[in-house]
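Letters A, B, ... mirror the listed sequences (proteins, then strands); counts begin at 1.
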There are 2 protein chains.
Amino acid sequence: MLPGQLRGTGMNTAALSAIERFSRYQSDDAQSAAPVHCPVRDVLDRIGDKWSMLMIMTLAPRPQRFSELRRAIRDISKRMLTQTLRDLERDGLITRHVFPTKPPSVEYRLAPLGESLLEPMANLIDWADRRYPDIHAARACFDGASGEVPR
Amino acid sequence: MLPGQLRGTGMNTAALSAIERFSRYQSDDAQSAAPVHCPVRDVLDRIGDKWSMLMIMTLAPRPQRFSELRRAIRDISKRMLTQTLRDLERDGLITRHVFPTKPPSVEYRLAPLGESLLEPMANLIDWADRRYPDIHAARACFDGASGEVPR
DNA sequence: AGGGCAGGTCTAATATAGAGACTTAGGTTC
DNA sequence: GAACCTAAGTCTCTATATTAGACCTGCCCT
């Protein structure tokens, strides 16, 4: 059971229990010799990479083709675009449809599993959007203060 | 305004509007010559790196010291641990307290800003935990099917 | 005197990402 | 009718990020 720090924060039950579950995985892992396989780690490694969330958010409003995605996320390289799409497809988050036009076009769209990820992810995005000023302020403050005080 | 795909999905308002806002940023960016600075990208680059979310989740139940964190996240290198902690501190998500014991111990704990990230992040973790079997099934299916059909 | 610990930093080796040339086949421009 | 464009990639080479692990500083224990 978690210590009191988290209680009374008004957090919803799913969130609280997620933290607790994760916490348990971690202590199991710290104790055992071999690494315990934690599903959270597994999934975090997947969607927590550099482009996956961005890709899913970009596909949220409508399916898009390879080049459209490239234009939408302008600083992704073709190589990483291909690879990220492939990985997301592999995990069942998006689907890939080839249309035999000339030149062939390929459409990517969210699979139901990917759509189910939209809400939790959008809530994170919403946080990011609302807290952006705070982060920036903290960053400016930190950068201003560093150099003055040695560590 | 977003096309209909998203309507009637039972998604909450904050989530819907987050997707819409993000979508608008992206089209602005696609149109203008210089990249439009999107706060979502900015924050996603920060917490979407390899270790940050894991760190925040690990600090959720209680504050921890450097070595405790190392033991909890066993496959992080000291270098990345230091760097991740420093970056999170810079962004105001965690705080760092040095206790002048001998040898000095350093405690890291979530700042209020970091705590506010806990709920959206925990909801994502909860998703990860619940959908893990689906992802695994999709992965096995994909891996089984590939090699049989050329792309 | 030797060894350990805490919380790091530094360097060298390795893994991952990016830039950009090349592909295939048909359509467009000059 | 030759040169060039597009779509969706792949391939190679280079740049950047990450890891492993040696080393550092003070103080405590034996």
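- Atom CG in A:L81 sits roughly 16 Å away from atom C1' in C:dG20 (whole-Å rounding).
- Clustering ILVMFWY residues whenever any of their side-chain heavy atoms sit less than 4.5 angstrom apart, transitively, puts B:M80 in the very cluster that holds B:I47.
- Nucleotide C:dG7 holds its C1' atom 14 Å from the CD atom of B:E89, rounded to whole Å.
- Rounding to whole angstrom units, NZ of residue A:K78 and P of D:dT6 are separated by 11 Å.
- We find that CE of A:M80 is positioned 16 Å from P of C:dA15, with the value rounded to whole Å.
- Of the side-chain N and O atoms in B:R86, one or more sit less than 4.0 angstrom from OP1 or OP2 of C:dT9.
- For B:S67 and C:dG7, the shortest distance from a side-chain N or O to OP1 or OP2 is below 4.0 Å.
- For D:dG9, the OP1/OP2 oxygens have a side-chain nitrogen or oxygen of A:Y108 closer than 4.0 Å.
- When the nearest nucleotides of DNA chain C are assigned to A:P103 and A:Q83 by heavy-atom distance, the more 5′-ward of the two goes with A:Q83.
- Residue B:R79 is classed as a base contact, given a heavy-atom separation below 4.0 Å to a base.
- Each of B:I94, B:L93, B:L88 was evaluated against B:S52; a single residue qualifies, B:L88, per the side chain to side chain contact (heavy atoms under 4.5 Å, CB included) test.
- Of the listed nucleotides (D:dA7, D:dT10, C:dG7), D:dA7 has the atom at the smallest distance from the side chain of A:R65.
- Taking only side-chain nitrogens and oxygens, B:R96 comes nearer than 4.0 Å to OP1 or OP2 of C:dG8.
- Side-chain contact of B:R21 with B:S17: a donor-acceptor pair under 3.5 Å is present, judged by distance alone.
- B:T84 places no side-chain N or O within donor-acceptor distance of the main-chain N or O of B:L81, the cut-off being under 3.5 Å.
- Taking atom CZ on B:F99 and atom P on C:dC5, their separation rounds to 22 Å, with Å as the unit.
- Atom P of nucleotide C:dA6 and atom CD of B:E107 are separated by 15 Å, given to the nearest angstrom.
- When rounded to the nearest whole Å, the span between CZ of B:R74 and C1' of D:dG21 equals 18 Å.
- Phosphate proximity of C:dG18 to A:W51: present, with a side-chain N or O under 4.0 Å from OP1 or OP2.
- OP1 or OP2 of D:dA17 has not a single side-chain nitrogen or oxygen of A:K50 nearer than 4.0 Å.
- The CD1-P distance, from A:I76 to D:dA8, rounds to 14 Å in whole Å.
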